[in-house]
Amino acid sequence: MPRIPASLAAISTAALFCVAPVPSAADAANDLLLQVEAHCIQPGRAFKDFLVPPTGWDAVPAGEVRDHFAMAALTISAWYGMDRRGEQDQTETTAEIQKSIAKEIERDIEDFNKREGAVFRHGASGSMLVVETDGRGWFHMTCTLWPSAGNEALQQHILNRWTLPIPRAKTSPFGDVRETSVHIRRNGVPAKLKADVYRVPVEVGPVPLYLELTLLPL
Amino acid sequence: MTRLFAGLVVLLPAIATAQTPLDVITFVETHCVRSAPAGAFYDLPDGWKRADRSATRFWLPSIAVEEGIDYAAFITHQIEVSKEVDAERGWPLTVEAYEDQLSDERSYTRSDWQRLYVHRDSNTHLFIGAGEDTDNPDDWFPPRCYLWHPDADNPLAAAITARWDVPFGDRLVTGLGQATFAWNKVVVEGGEMTLESRVIRPYTDFAEGLAPVILKLELR
């Protein structure tokens, strides 16, 4: 085996780096979404395993959870506002609904603190992932992924992958949602997977879009 | 040259009216997800013709198999979680559910509120049930529509999958096939309803006439 001079090796290594394709934003979005799906869509898995962050993600320290979750809750609550708007009694003003939303956020945070869960942050992209359950293990386990506001590639990827072209879909000043349920089998366990994609106007919440994956017993 | 020109003139309208699979799907979405008198759902544009009743046995399976898959999923689960259900009896039960459904569909079809249309140029099939609980064609009854093409290699199957299916490969597999279910809130005539959409993918060798991919849209 001939020895390769160190200088030549250095040049070859540099050349390798030059030719190696730089991952595009779309590739990174695809990888991230697949990683979240692989982490969260695991019926039968022990819940403590869901609380171990996937590679490249860090658990947000307990002291910061409230701040991060408040951001998510604000967006999550858009659905609540949208629902209120859709009720028969439409006399409620937007301001009144927003007031109710504020209360709902507080309730969401309290609920999260009572439940088992964790918040992860993706180091490279700043995306957030909330994993939580109501104490029944993987049954009713929910993962909420929200890309950072500027990560349009991931937002678009979630839309392409998880939304359906619903004609006359319900929309409101508070946003819209696409709900999908799929019967699945993974790890030899049959389950129902609910995948909801929420889109929220900028004036309602700081996060324009998020994906919520819920596992349910079939 | 004149002949060539004449040929072009004949060809042009054909090109102009040629519908892509996506055109057909979007037409069905617009036609079926709305509020209208029951009779209006059977008022289809030129190009669609009502299928001959004698062909019923070839298209009923593509509608009835949905119920079979649903039931098969339920039975599969029961077998796994309960010792009370005999595994040997599980699979025949699912076929029985499918056959019951075939028989139900057959009797519904006689009521004339369920009709199959075929697209003349492409042989695409569209089944519409829009007045099952009423005798008055002016009443609105939330419709259900099934769209499919009987040929396995027709591009409509891929177009339905790309537009309405979810790209997650581990669906519950049953002996009859698999399906994706989705429920979404929609607004029809100012009121809120649920649109149930399903992409049904039966095993085509299960029964004669089964389409490989069927799209169902139903308002509830």
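A note on names: the letters A, B, ... follow the listed sequences, proteins ahead of strands, and every chain is numbered from 1.
- Nearest heavy-atom pair, A:Pro167 versus B:Leu195, reported as atom, atom and distance to 0.1 Å: CD-CD2, 3.9 Å.
- Here A:Thr180 contributes atom OG1 and B:Trp183 contributes atom CH2; the two are 9.5 Å apart, rounded to the nearest 0.5 Å.
- No part of B:Thr26 comes within reach of chain A, as not one of its non-hydrogen atoms sits under 4.5 angstrom from that chain.
- Taking the side chain as every heavy atom from C-beta outward, A:Val182 and B:Phe181 never approach each other to under 4.5 Å.
- The closest donor-acceptor contact from the side chain of A:Arg178 to the backbone of B:Asn184 lies at 3.5 Å or more, if one exists at all.
- Shortest non-hydrogen contact noted between B:Arg163 and A:Pro165 is O-CD, 2.9 Å.
- Nearest heavy atoms, B:Ala182 versus A:Leu164: CB-CD1, 3.4 Å.
- The CZ atom of A:Arg168 sits 7.5 Å away from the CZ atom of B:Arg34 when rounded to the nearest 0.5 Å.
- The shortest non-hydrogen separation linking A:Glu179 to B:Lys185 is OE1-N, 3.4 Å.
- The two residues A:Ile166 and B:Trp164 come nearest to each other via the heavy atoms CD1-CZ3, 3.5 Å.
- Enclosure of atom CG in A:Asp49 by more than 12 non-hydrogen atoms of other residues, nucleotides or ligands within 6.0 angstrom is indicated.
- Contact of A:Arg161 with chain B is made through backbone and side chain together, with heavy-atom distances under 4.5 Å.
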